[in-house]
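Have a look at the structure below, then the notes.
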Amino acid sequence: MFVRIVKMSFHSKFIPEFLKMFDEKKTLIKSSKGCLMLELYQDKSNPEIFFTYSHWENDNDLENYRNSTLFQETWTQTKTYFNDKPHAWSVDKLAFH
């Protein structure tokens with residue numbers, strides 16, 4: 001299992017549209033094979049910055065999702081809202097609570 005973290009920054013005027021789209025797609029994303037969890041966070045000091053945290057069983061599951069029609073459509077729409085380049089990391093969780 002690993003965690004995928006994606007940092008995205010949006011134009012303020014598109015935040016409501018992004019949140020609506022995320023709400024509509026989150027169940028579909030979470031039901032993708034190997035997706036164990038999906039969370040969305042908003043930065044407290046800069047409300048234009050958001051992070052998604054998703055837990056994946058393995059690299060192949062994430063890659064299959066990234067090659068899916070669902071991802072392609074979602075990402076194509078999401079990119080139109082950006083005000084900065086997104087950043088993504090795949091990390092191993094080392095400490096558990």
Side-chain angles (χ1 to χ4, degrees):
M1 193 271 304
F2 70 97
V3 180
R4 180 73 168 180
I5 303 167
V6 180
K7 176 185 176 191
M8 301 168 286
S9 184
F10 297 102
H11 293 283
S12 292
K13 66 182 179 181
F14 293 127
I15 290 173
E17 290 178 52
F18 167 72
L19 291 173
K20 181 178 184 293
M21 186 223 27
F22 186 86
D23 191 55
E24 292 168 353
K25 306 271 185 167
K26 67 184 177 190
T27 302
L28 294 171
I29 296 167
K30 287 192 292 190
S31 66
S32 297
K33 182 182 182 305
C35 184
L36 306 172
M37 186 205 71
L38 174 65
E39 295 178 330
L40 178 66
Y41 297 90
Q42 186 175 27
D43 189 87
K44 289 179 86 54
S45 62
N46 183 347
E48 293 182 342
I49 296 176
F50 289 79
F51 297 86
T52 58
Y53 281 66
S54 54
H55 291 193
W56 294 88
E57 285 191 31
N58 59 58
D59 292 339
N60 287 337
D61 290 334
L62 175 60
E63 283 308 307
N64 288 336
Y65 165 68
R66 292 182 71 219
N67 290 317
S68 71
T69 302
L70 172 61
F71 175 81
Q72 298 300 326
E73 291 173 353
T74 303
W75 194 243
T76 297
Q77 183 178 355
T78 302
K79 289 191 300 188
T80 65
Y81 306 146
F82 289 156
N83 67 8
D84 199 1
K85 181 183 175 192
H87 299 278
W89 301 267
S90 291
V91 299
D92 291 322
K93 191 171 188 177
L94 299 180
F96 296 84
H97 55 68

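Under the 4.5 Å side-chain heavy-atom criterion for ILVMFWY residues, a single connected hydrophobic cluster contains both Leu70 and Val6. Linking ILVMFWY residues whenever their side-chain heavy atoms come closer than 4.5 Å, directly or via other members, leaves Leu40 and Val3 in distinct clusters.
In this structure, the side chains of Ile49 and Asp84 stay at 4.5 Å or more apart for every pair of heavy atoms. Between Phe14 and Asn83 the shortest side-chain heavy-atom distance does not fall below 4.5 Å.
Smallest separation of non-hydrogen atoms from Ser54 and Leu38: CB-CD1, 4.0 Å. When all heavy atoms of Phe2 and Val91 are compared, the closest pair comes out as CB-O, 3.4 Å.
Aromatic rings from Phe82 and Trp75 are positioned such that their centres are separated by under 6.0 Å.
Summarising the geometry, atom CE belonging to Met37 is positioned 8.5 Å from atom CE belonging to Met1; distances are rounded to the nearest 0.5 Å. Between the CD atom in Gln42 and the CD atom in Glu48 there is a gap of 9.5 Å [rounded to 0.5 Å]. In this structure, NZ in Lys33 is found 8.5 Å from CG in Asn60, a value given to the nearest 0.5 Å. For the atom pair CZ of Phe51 and OG of Ser9, the computed distance is 9.5 Å after rounding to the nearest 0.5 Å. Here the straight-line distance linking atom CD of Glu57 with atom CG of Leu62 works out to 12.0 Å at 0.5 Å rounding. With values rounded to the nearest 0.5 angstrom, Leu28 atom CG is found 7.0 Å from Lys25 atom NZ.
Among the candidates Tyr41, Phe22, Phe18, the single residue satisfying the ring pair (Phe, Tyr, Trp, His ring centres under 6.0 Å) test with Phe50 is Phe18. Exactly one of Met21, Lys79, Glu24 qualifies for a side-chain contact (heavy atoms from CB on, under 4.5 Å) with Thr74. That residue is Met21.
Under a 3.5 Å cut-off, the side chain of Thr76 and the backbone N or O of Glu73 do not form any donor-acceptor pair.
The environment of NZ in Lys13 is sparse: at most 12 heavy-atom neighbours from other residues, nucleotides or ligands sit within 6.0 Å.
A salt bridge links Glu63 and Arg66; the closest N-O separation between the charged side-chain nitrogens and carboxylate oxygens is under 4.0 Å.
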